[in-house]
Amino acid sequence: MGRTYLVVTFGVGLGALNTGNNLLYLVLGLLLSVIILSGVLSERCLKDLSVRRLGTEGAFAGEPFAFRWGITRRQGHAFALTLSEVDSPLTGEGGVGYLPAGAEHVVRADLTAPRRGPVKLSGVRVTTTWPLGLFAKTRVFALEGTLLVYPRRGFACEDPLDAAVGHVGETNNPRRLDGTGDVAGLRELGEHEDARRVHWMKSASAGKLLKVEREREERRTFILDVKTGLEGDVLERRCEEVAARAHRLLEAGHEVGLELPGTRLRPGAGSGQERGILRALAWLGFEEQREEAA
C-alpha cells in the first residue's frame, strides 16, 4: 500500500510540474500532508505502551517454539504492532492488529533458536507501520532475561543396555498383580481394600463389588552420561542423543539418571525428570553463564 501511495504521489507531482495545473498542486499538497500525518499516527501508536515477557514452556534448538509477550496500552488505541526480541539469535515475530486501552493482550509468536544453550535477552522490539505502511516506527523496551534452549530433538538408534543397573522396587516381576499394566482380571473386593479400582459396571451386574486387577509393569533404571572432553559438534550430537534416549526410556516408564562432568542427577521418572535432564544438557558447556545468571 505504501509503495502504491508513493507512486501515485510521484505521478501527481510530475503532472503538476509539467502542466502547471493548480488543482494538481492542491492534490499533491494533500498527498504530501497525508504522508506527514502517517508518520505522526505511527509514532502515537507506540506511546503509553508497557510490555512484559511471558516466555515459553520449552524451547528446542532448530525447531519453532511458542513464545509469548504481554502488551498493554494505558490510554488510546494502537494498531498493527509487531513484537520481537532485539539483539538475539532468535528468529520470528508476533503481532497484534488492534490493541485497546486498559487490557493486556498476549501476543504469541513462533520463534526459532539456532543452537542449544542459554540465550541472553536484552529487550523487546515493538514496531508499527500503521496506517499507510510508509514508515516503520520502532520502540525498544529494555527487558533482561535468559532463555534456556534444550538440545535439538532427534532419534536414538538403540537403548543403552549396558547402563541398566537392575530392577527397581516392587516392579521386577511383570506377572505380579496390583500394578498399572494390562488388565489381568476381576475379583471380589476384599475388606479394607482400596475402592478406587472397583469396576462399577461389572459390580452392578454381579451384585457385589468387583476389583480390577492389573499386571505390574517392568521398570528399570538407566544412567546416561556425557564424557568429559567433548567439544563442538561432537558434544552437540552427544547431547541430542542423550536427550532422545532419556525421552524414550522415560516414556516407557523407566527411571533415568544422568552423569555429566561435574553434575549428577539421581534416577527418576516422569516429565519432571525429563525436564531436569534437558536443563542439565542445555547448560553443559555454558557453566560460566550459569553462574552469572544465578
Side-chain angles (χ1 to χ4, degrees), residues 55-63 65-66 113 115-118 146-185 193-197 211-231 234-287 290-291 293-294:
T56 179
E57 303 254 335
F60 291 85
E63 61 182 81
F65 57 90
R115 63 169 180 82
R116 171 189 66 90
T146 301
L147 172 65
L148 190 60
V149 180
Y150 300 149
R152 189 188 308 269
R153 282 193 277 204
F155 300 94
C157 297
E158 57 183 8
D159 291 339
L161 299 178
D162 56 339
V165 296
H167 302 94
V168 176
E170 60 184 7
T171 62
N172 56 349
N173 187 351
R175 294 186 177 181
R176 293 181 60 184
L177 303 179
D178 205 21
T180 59
D182 297 334
V183 176
E193 284 190 317
D194 191 356
R196 288 179 294 182
R197 292 195 174 183
K211 176 184 177 182
V212 178
E213 289 186 321
R214 295 180 180 272
E215 294 179 346
R216 292 186 178 179
E217 296 177 328
E218 184 181 24
R219 186 172 61 178
R220 296 190 295 175
T221 299
F222 295 87
I223 303 296
L224 306 179
D225 63 355
V226 178
K227 302 297 183 184
T228 306
L230 299 182
E231 295 180 350
V234 178
L235 177 60
E236 296 300 321
R237 286 196 296 271
R238 180 57 182 165
C239 289
E240 295 168 10
E241 183 181 24
V242 169
R245 284 180 174 175
H247 175 74
R248 191 166 66 182
L249 294 172
L250 291 170
E251 283 286 307
H254 301 297
E255 292 189 345
V256 179
L258 180 65
E259 286 188 357
L260 302 177
T263 305
R264 186 177 190 277
L265 266 67
R266 298 178 59 184
S271 58
Q273 180 71 3
E274 183 177 6
R275 185 61 59 94
I277 292 174
L278 291 173
R279 289 181 60 84
L281 292 172
W283 282 113
L284 184 59
F286 302 95
E287 287 78 8
R290 185 173 191 173
E291 294 175 358

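Throughout, numbering of the chain's residues begins at 1 and tracks the sequence.
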* **Working for side-chain contact (heavy atoms from CB on, under 4.5 Å), residues Thr263 and Leu265** => CA-CA 7 Å; Thr263 305; Leu265 266 67; 4.0 Å; yes
* **Main-chain N/O of Leu281 paired with Arg116 side-chain donor or acceptor, under 3.5 Å** => yes
* Main-chain N/O of Asp225 paired to Arg238 side chain as donor or acceptor, under 3.5 Å -> yes
* Excluding sequence neighbours, so at least two apart, what forms side-chain hydrogen bond (donor to acceptor under 3.5 Å, both in side chains) with Arg153? -> Glu63
* Kindly write out the residues that satisfy side-chain hydrogen bond (donor to acceptor under 3.5 Å, both in side chains) with Arg264, not counting sequence neighbours, or none if the list is empty. => Glu259
Show me the donor-acceptor pairs, under 3.5 Å and distance only, between side chains in residues 269-280 and residues at least two apart or in other chains.
{"residue": "Gln273", "atom": "NE2", "partner": "Val256", "partner atom": "O", "Å": "2.7"}
{"residue": "Gln273", "atom": "NE2", "partner": "Arg266", "partner atom": "O", "Å": "2.9"}
{"residue": "Glu274", "atom": "OE2", "partner": "His247", "partner atom": "ND1", "Å": "2.7"}
{"residue": "Arg275", "atom": "NH1", "partner": "Glu57", "partner atom": "O", "Å": "3.1"}

How close do [X] and [Y] get, counting heavy atoms only, and between which atoms?
{"X": "Leu284", "Y": "Cys239", "value": "CD2-SG, 3.9 Å"}
{"X": "Val149", "Y": "Ala113", "value": "CG2-CB, 3.7 Å"}
{"X": "Pro118", "Y": "Ala282", "value": "CD-O, 4.1 Å"}
{"X": "Pro267", "Y": "Ile223", "value": "CG-CD1, 3.5 Å"}
{"X": "Tyr150", "Y": "Gly58", "value": "CE1-CA, 4.1 Å"}

* Asked: Is there a side-chain contact between Glu241 and Arg237, using heavy atoms and a 4.5 Å cut-off?
  -> no
* To do: Measure the spacing between CZ of Arg152 and CZ of Phe60 and express it to the nearest 0.5 Å.
  => 12.5 Å
* How many angstroms lie between atom CG of Leu249 and atom CD of Glu255, to the nearest 0.5 angstrom? -> 11.5 Å
